[in-house]
2 protein chains.
Amino acid sequence: MTHRTVGHPAGLPDDPRAHVTAPTPDCPVEITLAALHGRWTTLVIRELLRGDRSYSDLRAALPRLSDKVLSDRLAQLVEAGVVERNRRPGWPPRVRYALTPNGHRLGPVLQALWDWGARTSPPDTGAESSRATDPVH
Amino acid sequence: MTHRTVGHPAGLPDDPRAHVTAPTPDCPVEITLAALHGRWTTLVIRELLRGDRSYSDLRAALPRLSDKVLSDRLAQLVEAGVVERNRRPGWPPRVRYALTPNGHRLGPVLQALWDWGARTSPPDTGAESSRATDPVH
DNA sequence: CTGAATCCCTGCCGATACTG
DNA sequence: CAGTATCGGCAGGGATTCAG
């Protein structure tokens, strides 16, 4: 057993940023939340976790997502180092979006978010509640 | 090795909600993000991960957080099943805020958020980069 | 096909003042 | 001590239109 700064489960690392007194952009938690920030963001990432996608692939997969928000999100994710944008020469213009290595590392993060939410709100037909939290299936 | 729905690391569970096409409140990821939603929320949770706190304890720990937002956040977290509010009889009024069991389970979630953010943006004086991602210390 | 520009409306959050 | 009431500024995001 390793010792802990306080007697509580799952403490945060002993980093100066673990003691900040306001939500600064330096805090690693804020960095991640900034990358995931905004509506639709996690769904775009989920699509890209399944493989590369073109702009219209994403539009087709998320029909209610408007062009403005989609390009906003993609720009935000590129900026955050989550997504890579690859334009191919020729006509018509073809662009592929893919996760960077950092982007793939968001998989476990989304998994953690999923797990907590799945436990908190039971799927609740009442019958088959055991499979929803299975890690991979 | 368990098999996977797609050949990518850290797939999501095979749940119908993993295929939603819009950000619905049913999605476990959305549930968790809703619990964490808004400025200051994670910092309030961090304080409570360190132990029970009174209202003024929280105000003292987060001096730039206004009364309005603090009570908003606490109400939000109570509503989300993360925080429990305990009033003690007598005068002056004494109230203690504590995490519920569900609230404590947010520890690993915040840890996952921390880890990704810590990797993505190096602390980078260049020297001591190995301890920042240590799980507990 | 892949976006960018604009408009407008809503909801967040910060500051201040007040109450049981 | 532990909050609520109110107001104003600003950013987020949806619909539509235009461009390379």
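Proteins get letters first, then strands, A, B, ... in listed order; numbering begins at 1 in each.
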Participant: Identify the two heavy atoms, one from A:Ala22 and one from B:Leu43, that lie closest to each other, and give their separation to 0.1 Å.
Facilitator: C-CD1, 3.4 Å
Participant: C:dG3, OP1 or OP2 - any side-chain N/O from A:Tyr97 closer than 4.0 Å?
Facilitator: yes
Participant: Can a side chain N or O of B:Ser66 be found less than 4.0 Å away from OP1 or OP2 on C:dA15?
Facilitator: no
Participant: Determine whether more than 12 heavy atoms belonging to other residues, nucleotides or ligands lie under 6.0 Å from atom CZ of B:Arg105.
Facilitator: yes
Participant: Out of curiosity, A:His37 NE2 to A:Arg73 CZ, how far, rounded to the nearest 0.5 Å?
Facilitator: 7.5 Å
Participant: Nearest whole Å is fine: how far is D:dA15 P from A:Arg59 CZ?
Facilitator: 14 Å
Participant: Rounded to the Å, how far apart are A:Gln76 CD and D:dA11 P?
Facilitator: 16 Å
Participant: What verdict does the side-chain hydrogen bond (donor to acceptor under 3.5 Å, both in side chains) test give for A:Arg85 and A:Tyr97, after you've listed the backbone C-alpha separation in whole Å, the side-chain angles of each residue and the deciding distance to 0.1 Å?
Facilitator: CA-CA 5 Å; A:Arg85 184 176 180 278; A:Tyr97 291 95; 3.2 Å; yes
Participant: Can you tell me the distance, in whole Å, between the CZ atom of B:Arg87 and the C1' atom of D:dC1?
Facilitator: 10 Å
Participant: Please write out the pairs of protein N or O atoms and N or O atoms of nucleotides 9-13 of chain C separated by less than 3.5 Å, giving the distance to one decimal.
Facilitator:
residue: C:dC13; atom: OP1; partner: B:Arg39; partner atom: N; Å: 2.9
residue: C:dC13; atom: OP2; partner: B:Arg73; partner atom: NH2; Å: 2.2

Participant: Whole angstroms only, please: what is the CG-P distance between A:Asp67 and D:dG13?
Facilitator: 16 Å
Participant: Taking any heavy-atom pair under 4.0 Å as a contact, classify B:Arg94: base, sugar-phosphate, or nothing.
Facilitator: sugar-phosphate
Participant: Please list, for nucleotides 18-20 of chain D, all pairs of protein and nucleotide N/O atoms separated by less than 3.5 Å.
Facilitator:
none

Participant: Between the main-chain N or O of B:Val20 and the side-chain N or O of B:Thr24, is there a donor-acceptor pair closer than 3.5 Å?
Facilitator: no
Participant: Rounded off to whole Å, could you give me the CZ-to-P distance for the A:Arg53 and C:dC1 pair?
Facilitator: 17 Å
Participant: Between D:dA2 atom P and B:Arg85 atom CZ, what is the distance in whole Å?
Facilitator: 10 Å
Participant: Under a 4.5 Å cut-off applied to non-hydrogen side-chain atoms, are B:Val82 and A:Thr120 in contact?
Facilitator: no
Participant: In whole Å, what is the span from the CZ atom of A:Arg64 to the C1' atom of D:dG13?
Facilitator: 15 Å
Participant: Tell me if a side-chain donor or acceptor on A:Arg46 pairs with a main-chain N or O of B:Ala18 at a distance below 3.5 Å.
Facilitator: yes
Participant: Looking at A:Glu84 and A:Val78, would you say the former's side chain and the latter's main chain have a donor-acceptor pair under 3.5 Å?
Facilitator: no
Participant: If the cut-off is 4.0 Å, is B:Ser56 near the phosphate of D:dA2, judged by side-chain N/O to OP1 or OP2?
Facilitator: yes
Participant: Between the opening five pairs and the closing five pairs of the helix from C:dC1-D:dG20 to C:dG20-D:dC1, how far apart are the helix axes, to 10°?
Facilitator: 50°
Participant: Please assess A:Tyr55 against A:Val95 for the test side-chain contact (heavy atoms from CB on, under 4.5 Å), listing each intermediate value before the final yes or no.
Facilitator: CA-CA 7 Å; A:Tyr55 188 87; A:Val95 179; 5.7 Å; no
Participant: Out of the candidates A:Asp57, A:Asp52, A:Asn86, only one should pair with A:Arg96 under the side chain to side chain donor-acceptor pair (under 3.5 Å) rule; please name it.
Facilitator: A:Asp57
Participant: State plainly whether the residues A:Asp115 and A:Arg119 are in salt-bridge range, i.e. N to O under 4.0 Å.
Facilitator: no
Participant: Just how far, in rounded Å, is P of D:dA2 from CZ of B:Arg88?
Facilitator: 12 Å
